[in-house]
Asks: 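My questions will all concern the structure given below.
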Amino acid sequence: MKQSRRTFIIKAVAGVAAASMLPQVARATNEKLSESDPYAKSMGFKLNSGEVDKAKYKRWTAEQQCSKCQLWGGKASDEYGECSFFERYTPAGGWCKNFKAVKNA
Ligand code: SF4
């Protein structure tokens, strides 16, 4: 089947657009964030907020946990919720230095 140059270009552009979406699709999983993830490490991420390096992160307080962060998508009763910053699931009791307190919490 012979295709026109225009059809070929349209298909090529659509293919490139679809390929550029792959990382987002791949990341939109229920994958849990690991402390060993290099980016998580650079953000001081801990599965347990209480294990944060308090000497390094002086603004950390015991009340700061993923479940009280604006970027956490879980419900109060959820053990894990999706963190929109990492695009991974983090535990309710987790923490990273990008913590943003939920207002009125
Ligand atoms: S951005 Fe918020 S929800 Fe995400 S890991 Fe950091 S503290 Fe937890």
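Note that ligands are numbered from 1 as they come in the structure, with each ligand's atoms numbered from 1 the same way.
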Asks: Go through Asp37 and Glu35 one step at a time and tell me if the side-chain contact (heavy atoms from CB on, under 4.5 Å) criterion holds.
Replies: CA-CA 5 Å; Asp37 177 290; Glu35 288 182 357; over 6 Å; no
Asks: Could you give me the CA-CA distance, side-chain angles and deciding distance for Trp60 and Ser49, then say whether side chain to side chain donor-acceptor pair (under 3.5 Å) is met?
Replies: CA-CA 9 Å; Trp60 175 89; Ser49 177; 2.8 Å; yes
Asks: Could you tell me which residues satisfy ring-ring contact (aromatic ring centres under 6.0 Å, His included) with Tyr80, sequence neighbours excluded, listed by chain and number?
Replies: none
Asks: Between Glu31 and Arg88, does any NZ, NE, NH1 or NH2 come within less than 4.0 Å of an OD or OE carboxylate oxygen?
Replies: yes
Asks: With side chain to side chain donor-acceptor pair (under 3.5 Å) as the test, would you mind laying out the steps for Thr90 and Trp72 before giving the verdict?
Replies: CA-CA 8 Å; Thr90 61; Trp72 200 70; 3.1 Å; yes
Asks: Under 6.0 Å between ring centres: does that hold for Phe85 and Tyr39?
Replies: yes
Asks: Hey, which protein N/O/S atoms does atom 6 (Fe) of ligand 1 have under 2.8 Å?
Replies: Cys96 SG
